[in-house]
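A short worksheet on the structure shown next.
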Amino acid sequence: MGTPEFAVAILDVLVKNTNVVLVVTQPDKIGNRGKISCCEVKKYAVDKKIEVFQPVRIKEEYQEILKYKPDIIVTCAYGQILPKELIFAPFYKTINVHGSILPKYRGGAPIQRAIINGDDVTGITIMKTDTGMDNGDILYQEKIDILDSDTYDSLASKMSILGAKCLIKVLPSIFDSSIESRKQDSSFVTFANIIKKEDEIIDFNLTAKEVVNKIRGLSSNPGAYAMLDNERVKIYFARIGDVTSNRCGEIIRVGKEGIVVAACDREVIITDIGMPNKKRMSVLDMLNGYKKDLVGKVFNL
RNA sequence: CGCGGGAUAGAGCAGUCUGGUAGCUCGUUGGGCUCAUAACCCAAAGGUCAUAGGUUCAAAUCCUUUUCCCGCAA
């Protein structure tokens with residue numbers, strides 16, 4: 001059971017190593033700009049001709065899943081809380097693949113929060129699913145470094161592969177019951193709340209490091225943004241400059257290196273941008289067609 | 001049929017209102033200058049103006065069709 005791109009590699013490894021009888025995922029989104037969009041996991045499942053079930057409310061429709069008599073349920077970023085009648089029904093119960101070193105970053109956006117908070121390491125946890133939010137016993141963990149060049153996209157894709165590797169390592173010992181689990185240390189629990197609209201705006205009154213981390217953690221979807229001339233400009237990638245500056249939000253200069261904006265301590269150099277109604281492009285490309293002078297303008301909240 | 005923006009050279013854009021030779025900035029290629037260069041100078045290549053139809057002597061431009069892309073709202 002899973003939904004986004006992150007879960008596809010996990011599903012892929014299951015399909016290749018086990019007998020996947022049913023894929024459960026979130027319902028298709030309807031009416032999005034007149035189109036029906038379905039999630040990455042469903043696309044994969046349809047491509048592999050595996051049965052797909054998309055309950056609107058899993059709490060009410062879980063019995064449909066039990067008809068398939070699963071030996072084990074594996075979840076990964078599914079997006080709904082599972083009822084205990086479902087979690088504990090399979091012989092090997094239910095396990096979850098989570099994108100952090102639990103008990104740190106329980107919740108829906110662990111990868112984004114790790115980057116935004118400036119962590120230099122995160123990882124994958126394979127755990128028993130329990131009735132609470134990511135609070136089950138830990139079966140296996142593996143760490144991964146967060147590089148300065150990582151964005152949410154690049155880190156999620158690496159972690160997705162790592163998650164699949166971890167899962168394959170753990171499955172045999174679950175099936176022969178040799179695996180040991182340990183409880184999460186409740187004194188170290190933190191939460192990674194899902195990204196809300198107000199989390200996406202960039203505050204240039206913070207330090208350059210904080211600004212850049214937010215940009216990286218949200219790139220490329222949904223993307224961090226700042227307001228310029230009352231319009232929403234998305235910023236997909238930026239790096240910390242060497243020069244000290246405290247003119248929070250002001251555009252200092254513009255050139256081949258990028259758009260240079262001041263934070264509260266240093267400059268931030270923007271290199272990938274999305275202008276209003278435009279798609280993502282490099283600043284170099286954007287400046288080629290942009291006629292107005294940007295220097296001196298200020299990004300505000 | 002949720003609201004709005006868009007499709008013009010490899011990239012980013014102007015031109016559309018007011019129909020009349022296809023433009024700009026970059027990139028690419030060739031040449032020049034230089035101890036040298038990502039710098040500067042010169043030149044060249046590269047577009048069926050998204051699709052289909054209509055109006056017109058003449059359509060990137062005006063009218064209608066279809067497709068695709070993007071932002072917002074959900």
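If you're wondering where the values come from, they're calculated on a predicted model, not measured in any experiment. Proteins come first, then strands; the chains are lettered A, B, ... in the order of their sequence lines, and each starts at number 1.
Screening residues 168-178 of chain A for side chain to side chain donor-acceptor pair (under 3.5 Å) gives A/Tyr140-A/Lys169, A/Glu142-A/Lys169, A/Asp176-A/Ser178 as the qualifying pairs, with residues at least two apart or on separate chains. Residue pairs that meet the salt bridge (Lys or Arg N to Asp or Glu O under 4.0 Å) test with at least one member in residues 2-25 of chain A, sequence neighbours left out, are A/Asp12-A/Lys16.
In this structure, CE of A/Met281 is placed 13 Å from P of B/C70, rounded to the nearest angstrom. In this structure, CE of A/Met286 is placed 18 Å from P of B/A11, rounded to the nearest angstrom. A/Tyr290 has its OH atom 12 Å from the P atom of B/C13, to the nearest Å. Here the C1' atom of nucleotide B/G71 and the CE atom of A/Met227 are 13 Å apart, to the nearest Å. Going from atom CG of A/Asn221 over to atom C1' of B/G71 covers 12 Å, rounded to whole Å. B/G27 atom P lies 13 Å from atom CG of A/Leu287, rounded to whole Å. The interatomic distance linking A/Lys291 (NZ) with B/C26 (P) rounds to 10 Å, in whole Å. Atom CZ in A/Arg280 sits about 19 Å away from atom P in B/C69, given to the nearest Å.
Within the 4.0 angstrom heavy-atom criterion, no nucleotide atom of any strand lies near A/Lys292.
Cluster note: A/Ile195 groups with A/Ile116, A/Leu218 through ILVMFWY side-chain heavy atoms spaced under 4.5 Å, whether in direct contact or through intervening members. Cluster partners of A/Val189, by chain and number: A/Met133, A/Phe191. The rule joins Ile, Leu, Val, Met, Phe, Trp and Tyr whenever side-chain heavy atoms lie under 4.5 Å apart. Applying the under-4.5 Å side-chain rule to Ile, Leu, Val, Met, Phe, Trp and Tyr, the cluster around A/Ile269 extends to A/Ile252, A/Val260.
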Under 3.5 Å between N/O atoms: give me all the protein pairs with nucleotides 36-46 of chain B, atom names plus distance.
{"residue": "B/A39", "atom": "OP1", "partner": "A/Lys256", "partner atom": "NZ", "Å": "3.1"}

Is there any protein nitrogen or oxygen under 3.5 Å from a nitrogen or oxygen in nucleotides 3-10 of chain B, and what are the pairs?
{"residue": "B/G4", "atom": "N2", "partner": "A/Asn277", "partner atom": "OD1", "Å": "3.4"}

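The side chain of A/Asn288 lies closest to B/A11, out of B/C72, B/A11, B/C69. If you check B/C69, B/G12, B/A73 against the side chain of A/Arg232, the one that comes closest is B/A73.
Taking atom P in both B/G54 and B/A11, one finds a spacing of 30 Å when rounded to whole Å. Rounded to the nearest Å, the gap between the C1' atom of B/U65 and that of B/A58 is 23 Å. As rounded to the nearest Å, B/U55 and B/A9 have C1' atoms that lie 30 Å from one another. The P atoms of B/A7 and B/A60 are separated by 15 Å, rounded to the nearest whole Å. Rounded to a whole angstrom, the distance from the P atom of B/U61 to that of B/A50 is 8 Å. Spacing between B/G46 and B/G6 at atom P, rounded to whole Å, works out to 31 Å. Here, B/C62 and B/G2 have their C1' atoms 29 Å apart, quoted to the whole Å. Comparing B/A52 with B/A14, their P atoms sit 24 Å apart, to the nearest whole Å.
A side-chain donor from one of A/Asp203 and A/Asn205 sits under 3.5 Å from a side-chain acceptor of the other. With 3.5 Å as the limit, one finds a donor-acceptor pair spanning the side chains of A/Gln141 and A/Thr125. Side chains of A/Asn96 and A/Thr75: a donor on one and an acceptor on the other come within 3.5 Å. For A/Thr207 and A/Asp265, the side-chain atoms include no donor-acceptor pair closer than 3.5 Å.
Scanning for ring pair (Phe, Tyr, Trp, His ring centres under 6.0 Å) contacts around A/Tyr62 gives an empty result, with sequence neighbours left out. Evaluation of the salt bridge (Lys or Arg N to Asp or Glu O under 4.0 Å) rule for A/Lys196 yields no partner, not counting sequence neighbours. Residues passing the salt bridge (Lys or Arg N to Asp or Glu O under 4.0 Å) test with A/Arg253 are A/Glu257, A/Glu267, sequence neighbours excluded. Shown here are the salt bridge (Lys or Arg N to Asp or Glu O under 4.0 Å) partners of A/Glu231, two or more places apart in sequence or in another chain: there are none.
Where pairing requires Watson-Crick or G-U contacts shorter than 3.5 Å, the helical stems of RNA chain B with at least three consecutive pairs are B:2-7 with B:67-72, B:10-13 with B:23-26, B:28-32 with B:40-44, B:52-54 with B:62-64.
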